[in-house]
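Presented below is the structure to which this report refers.
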Amino acid sequence: MPYTANDIRRVEEKWQEYWQKNRIFSAAVNQGKKKYYVLEMFPYPSGKIHMGHVRNYTIADVIARYKMMRGFNVLHPMGYDAFGQPAENAAIKRGVSPAEWTYKCIDDMRVGLRRMGFSYDWERELATCDASYYKWNQWLFLKMFEKGLAYKKASAVNWCPSCETTLANEEVINGACWRCKNEVVQKELEQWYLKITHYSESLLADLQRLENWPARVRAMQENWIGKSYGADIFFKVSGSDETITVFTTRPDTIFGATYVVLAPEHPLTDRLSRGTAQEAAVRTFVEKAAHTSKSLRVSGDARKEGVFSGAFAINPVNGEKIPVWIGDYVLMEYGTGAIMAVPTHDQRDFEFARQNGLAMRVVITPSVGEKFDPEQMDRAFEDGGVLCQSAQFDGMPNEQAKKAISDWMQAKGIGRVSVRWRLRDWLISRQRYWGTPIPMIYCQTCGVVPVAQDQLPVRLPDNAPITGEGGSPLAKVPEFVQAACPKCGRSARRETDTMATFFDSSWYFLRYCSAHDDGQIFDPVQAAYWMPVDQYIGGIEHAILHLLYSRFFTKFIRDLGLVTADEPFERLLTQGMVLKDGEVMSKSKGNVVDPDEVIAKFGADTLRMFILFAAPPEDQLEWNPAGLEGNWRFINRLWNAVEQRYVREASGESALDAGDKKLEFERHAAIKRVTESMEGGFKFNTAISAVMVLMNAVDKYPDPSGVTAKQARLNKAIETAVLLLAPFIPHAAEELWEMMGQRISFGAGSVAFEPWPVFDEAALVTDKVKIVAQVNGKVRAEFEVPRDVDETFLRPLVLADEAVIRHMSGQEIRKFIVVKNKLVSIVTAEKAQ
RNA sequence: GGGCAAGUGGUGGAAUGGUAUACACGAAGGACUUAAAAUCCUUUGACCGUAAGGUCUUGAGGGUUCGAUUCCCUCCUUGCCCACCA
């Protein structure tokens with residue numbers, strides 16, 4: 001009887017119910033047992049689950065189930081990253097409240113997740129939009145405020161005109177909003193920030209320890225944090241008390257600085273030009289720059305625009321008077337917003353100088369005595385070399401000069417050694433409704449006052465008008481806005497912005513440790529047991545945003561003394577995308593395959609197996625309906641083997657004949673290959689292929705026809721195949737395990753807790769081995785020889801072989817190489833020449 | 001412009017210094033069947049050859065090695081990330 005669609009439905013539903021009813025995957029702290037925390041990036045509930053979710057969670061589930069069989073106490077929770085803009089859009093479009101829409105989506109997702117047979121501890125399920133969760137967002141925010149890590153400041157912020165809200169730097173991709181792709185503009189606003197830069201140093205340094213993260217993700221975070229070593233140098237403005245501080249990574253070129261450039265937004269641009277002939281020109285230029293879109297301004301190939309400020313600065317190392325320019329290629333956000341320009345040794349300065357007829361001086365040449373004529377250069381010389389025209393530093397290699405000159409300037413008080421970071425503080429205010437209210441109150445008398453902890457949560461009102469226009473919806477709810485000042489009790493105004501939703505997801509992995517604790521953010525004892533997450537799985541698109549924020553929060557929470565782990569995720573696996581016809585599956589492209597349809601036809605087990613077999617987890621996966629069918633056929637073969645060839649209660653030992661030995665060899669080889677594929681980085685595709693090889697051997701094994709010892713051997717092979725596949729096809733595995741009449745080890749029991757099979761190296765050692773003979777690097781013959789024989793045995797044997805003799809064509813032997821149990825390589829005189 | 005990853009049969013992919021193409025899909029032929037589906041068996045990198053056998057083949061070119069998909073150098077292509085970051 002094949003495993004029909006009806007059987008599949010019956011079996012999958014049966015076991016899903018069984019797991020649920022018997023709380024098979026409920027996790028509890030057990031100090032006597034080694035823990036393993038498997039976590040996938042929780043979904044944003046926007047509807048039913050899609051193939052991307054299926055892939056992500058199937059990978060996690062196989063890992064969780066494999067670790068259970070390996071004897072670990074596994075925590076594998078699931079929840080929903082439930083705040084966010086799509087819920088508001090749905091509200092505007094369909095007139096349902098964001099809460100209603102979100103909870104409906106969560107219900108749909110839960111159904112889909114259960115249908116896949118994932119081994120979640122459903123008792124820990126959480127949704128970030130529940131007040132019982134976001135209460136702790138607010139608590140954390142207050143803690144940060146208390147420690148000075150949450151602060152309010154007025155500054156130019158990224159503003160998405162389409163979403164009508166502010167954005168963090170990390171949310172601006174190529175000058176566009178990460179969500180709606182519209183262009184982001186700069187706007188001066190007073191907003192809440194989190195001081196992630198407080199942890200710059202450890203966020204960078206600890207990346208080194210995350211050896212089990214993809215190198216790519218680490219590199220991306222490193223670039224994002226962006227530590228640069230250099231010097232701040234003070235340029236006095238000629239005829240004024242002002243000083244321009246510039247940051248440079250090339251203090252070795254200071255003697256070649258021929259002008260200084262300020263960003264258009266630099267506070268000095270206005271002051272320096274005032275009263276000079278350049279005043280009007282500077283004002284026009286600054287205004288134009290303000291209206292040029294950021295993405296255009298910072299694109300690398302844009303023409304550099306600038307204007308003379310009318311002022312001069314003094315180069316502190318040689319007293320030279322050099323012009324101060326305003327240039328749009330200098331960014332206010334980085335360094336000090338001012339640079340010293342060394343056109344001969346920086347390509348950007350070179351272009352700007354040529355364009356504006358500014359002076360150039362060469363201060364580095366490839367070797368001593370060499371001369372460069374700036375007039376003859378067609379681009380800046382940015383390589384290393386030795387200094388010239390640099391006073392006492394002439395002749396010094398420039399790398400050495402970087403330090404020497406910095407130290408010298410620092411001693412003279414004209415500069416200082418400096419480190420600059422690219423990382424900015426995290427802007428978290430959002431002018432949105434569907435998020436966590438920021439628990440702050442503005443009092444006329446007392447200023448900015450935090451909400452008292454016992455007043456948490458500050459609940460989202462359910463009657464806010466959501467139009468997508470006109471700023472924070474919460475500001476339009478008088479009963480929300482109006483509050484008593486926690487300090488003086490007078491009437492005050494509540495903060496009406498909500499938190500960026502990345503706040504919610506920056507610590508949810510801690511909440512899972514005691515998901516329903518009402519008295520505290522999480523139970524430190526349980527967190528001490530479960531944390532850190534041993535294996536985290538999710539998309540590469542979170543390489544910077546979510547993963548960096550989570551690392552920051554973990555460090556902060558560690559500093560509160562609530563957790564000892566200082567990194568949240570020990571290992572990270574970034575799964576590849578699911579493609580169809582070479583394109584990412586997406587609703588907008590109209591090429592999505594609905595997991596439900598696949599499950600209805602082939603079952604969740606087949607879908608799981610296909611998705612793991614078709615490509616290694618990190619690679620892109622091309623959807624292939626034919627491959628899906630192939631995996632279904634394989635499950636069928638396993639099913640048939642149990643149904644037709646497995647005989648219960650067969651036992652007995654007997655001498656092994658060649659066929660038995662072969663089957664036994666394949667059984668151990670399969671265990672070894674699957675185990676190694678799992679341990680060596682979760683290569684599920686090769687793990688599955690190893691079981692296929694075993695099943696090929698089972699199918700070839702002759703009918704034991706009543707010989708119980710042979711039947712027992714066959715049984716063993718089939719049992720092994722079922723166990724090895726149990727993490728991949730859990731429903732079929734439970735059913736087959738039951739069909740085989742196997743004792744379930746403990747409790748209500750599940751094949752998920754059967755011990756993982758062990759292999760015996762001895763069973764993998766054969767008496768005879770095949771070796772090949774190469775002549776001058778090419779395989780010319782094959783021999784079967786006893787294991788471990790050496791050259792004395794092999795040499796006469798190989799040299800007597802007709803094909804070997806022929807290919808040696810009478811040449812003298814120069815080398816005779818033996819690789820034990822593998823090959824013999826003969827090198828002849830002809831080749832050696 | 002900088003960084004990282006990848007490039008292997010008709011297709012997905014395997015092999016991390018030792019027989020390249022495991023495993024699967026697809027295709028072709030055969031068995032069973034009145035027939036089809038399902039299942040089972042055989043073949044399946046390319047070229048030359050009736051065959052035995054030979055030659056070539058892991059993006060291109062070079063190098064190291066008895067031996068390279070694997071290590072090194074140069075280049076090409078694709079993907080991703082960063083980018084007037086001083």
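In what follows, chains are A, B, ... by sequence order, proteins preceding strands, each numbered from 1. Quantities reported herein were computed from a predicted structural model and do not represent experimental measurements.
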Using the [atom1] atom as the reference point in each nucleotide, state the distance between [N] and [M] in Å, no decimals.
{"N": "B/G49", "M": "B/A31", "atom1": "C1'", "result": "32 Å"}
{"N": "B/A38", "M": "B/C76", "atom1": "C1'", "result": "48 Å"}
{"N": "B/G53", "M": "B/U44", "atom1": "P", "result": "15 Å"}
{"N": "B/G29", "M": "B/G18", "atom1": "P", "result": "39 Å"}
{"N": "B/C23", "M": "B/C73", "atom1": "C1'", "result": "35 Å"}
{"N": "B/A28", "M": "B/A46", "atom1": "P", "result": "15 Å"}
{"N": "B/U78", "M": "B/G67", "atom1": "P", "result": "35 Å"}
{"N": "B/U65", "M": "B/G59", "atom1": "C1'", "result": "23 Å"}

Phosphate oxygens OP1/OP2 of [N]: is one of them under 4.0 Å from a side-chain N or O of [X]?
{"X": "A/Arg348", "N": "B/C85", "value": "yes"}
{"X": "A/Asn696", "N": "B/A24", "value": "yes"}
{"X": "A/Ser228", "N": "B/A86", "value": "yes"}
{"X": "A/Asn685", "N": "B/A24", "value": "no"}
{"X": "A/Arg633", "N": "B/C25", "value": "yes"}

Nearest non-hydrogen partners of A/Tyr646 and A/Val642, listed with the distance
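Closest approach of A/Tyr646 to A/Val642: CB-O, 3.2 Å.
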Of all heavy-atom pairs linking A/Leu207 and A/Glu222, the shortest is CD1-N, 3.8 Å
Rounded to whole Å, how long is the line connecting atom [atom1] of [X] with atom [atom2] of [N]?
{"X": "A/Glu618", "N": "B/C80", "atom1": "CD", "atom2": "P", "answer": "18 Å"}
{"X": "A/Tyr259", "N": "B/A86", "atom1": "OH", "atom2": "P", "answer": "16 Å"}
{"X": "A/Glu629", "N": "B/U39", "atom1": "CD", "atom2": "P", "answer": "8 Å"}
{"X": "A/Leu724", "N": "B/C23", "atom1": "CG", "atom2": "C1'", "answer": "15 Å"}
{"X": "A/Met695", "N": "B/C40", "atom1": "CE", "atom2": "P", "answer": "11 Å"}
{"X": "A/Met220", "N": "B/C80", "atom1": "CE", "atom2": "C1'", "answer": "8 Å"}
{"X": "A/Arg673", "N": "B/C23", "atom1": "CZ", "atom2": "C1'", "answer": "8 Å"}
{"X": "A/Asp328", "N": "B/C84", "atom1": "CG", "atom2": "P", "answer": "12 Å"}

Within 45 degrees of the axis of the six-membered ring of A/Phe816 and under 6.0 Å from its centre: does A/Arg795 put its NZ or CZ there?
yes
Any side-chain heavy-atom pair of [X] and [Y] under 4.5 Å:
{"X": "A/Leu548", "Y": "A/Ile196", "value": "yes"}
{"X": "A/Phe285", "Y": "A/Asp328", "value": "yes"}
{"X": "A/Val789", "Y": "A/Lys820", "value": "no"}

Just checking A/Pro214: base, sugar-phosphate only, or nothing, at a heavy-atom cut-off of under 4.0 Å?
nothing
Contact class for A/Gly630 vs. all strands (heavy atom < 4.0 Å): base, sugar-phosphate, or nothing?
sugar-phosphate
Option among A/Ile611, A/Thr574, A/Ile537 that satisfies the side chain to side chain contact (heavy atoms under 4.5 Å, CB included) test with A/Asn56:
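Exactly one candidate clears the test, A/Ile537.
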Using the ring of each side chain (for Trp, its six-membered ring), is A/Phe684 parallel, tilted or perpendicular to A/Phe682, with breaks at 30° and 60°?
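Because their plane-to-plane angle is under 30°, the rings of A/Phe684 and A/Phe682 count as parallel.
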[X] and [Y] ion-paired at < 4.0 Å:
{"X": "A/Glu676", "Y": "A/Lys672", "result": "yes"}
{"X": "A/Glu782", "Y": "A/Lys770", "result": "yes"}
{"X": "A/Glu351", "Y": "A/Lys304", "result": "yes"}

Strand partner of [N], provided both Watson-Crick or wobble distances fall under 3.5 Å:
{"N": "B/G26", "result": "B/U44"}
{"N": "B/U21", "result": "none"}
{"N": "B/A14", "result": "none"}
{"N": "B/C32", "result": "none"}
{"N": "B/A68", "result": "none"}
{"N": "B/C75", "result": "B/G59"}
{"N": "B/G1", "result": "B/C82"}

A/Thr249-A/Ser228 side chain donor-acceptor pair, cut-off 3.5 Å
no
Considering only nitrogen or oxygen atoms on both sides, find all protein atoms under 3.5 Å from nucleotides 47-54 of chain B and state each distance.
| unit_1 | atom_1 | unit_2 | atom_2 | d |
| --- | --- | --- | --- | --- |
| B/G54 | OP1 | A/His807 | NE2 | 2.9 |

Provide a list of protein-nucleic acid N or O atom pairs under 3.5 angstrom, restricted to nucleotides 17-20 of chain B.
| unit_1 | atom_1 | unit_2 | atom_2 | d |
| --- | --- | --- | --- | --- |
| B/G18 | N2 | A/Gln774 | OE1 | 3.2 |
| B/U19 | O4 | A/Lys770 | NZ | 3.2 |

Answer yes or no: does atom CZ of A/Phe793 have more than 12 heavy-atom neighbours from other residues, nucleotides or ligands under 6.0 Å?
yes
Report, one pair per line, the protein and nucleotides 9-12 of chain B atoms (nitrogen or oxygen only) whose separation is under 3.5 Å.
| unit_1 | atom_1 | unit_2 | atom_2 | d |
| --- | --- | --- | --- | --- |
| B/G12 | O2' | A/Ala614 | O | 2.3 |

Would you confirm whether the ring centroid of A/Phe352 sits within less than 6.0 angstrom of the ring centroid of A/Trp325?
yes
Position toward the 5' end of RNA chain B (nearest nucleotide), A/Asp349 or A/Ile826:
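Nearest nucleotide further toward 5': that of A/Ile826.
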With RNA chain B as reference, determine whether A/Asp699 or A/Lys778 sits nearer its 5' end, using the nearest nucleotide of each.
A/Asp699
For B/G9, decide between syn and anti, treating a glycosidic angle within 90° of 0 as syn.
syn
Flag, side chain of A/Arg422 to backbone of A/Trp224, donor-acceptor distance under 3.5 Å
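Checking the backbone N and O of A/Trp224 against the side chain of A/Arg422, a donor-acceptor pair under 3.5 Å is found.
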Of the listed nucleotides (B/A15, B/C4, B/A86), which one gets closest to any side-chain atom of A/Arg216?
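That would be B/C4.
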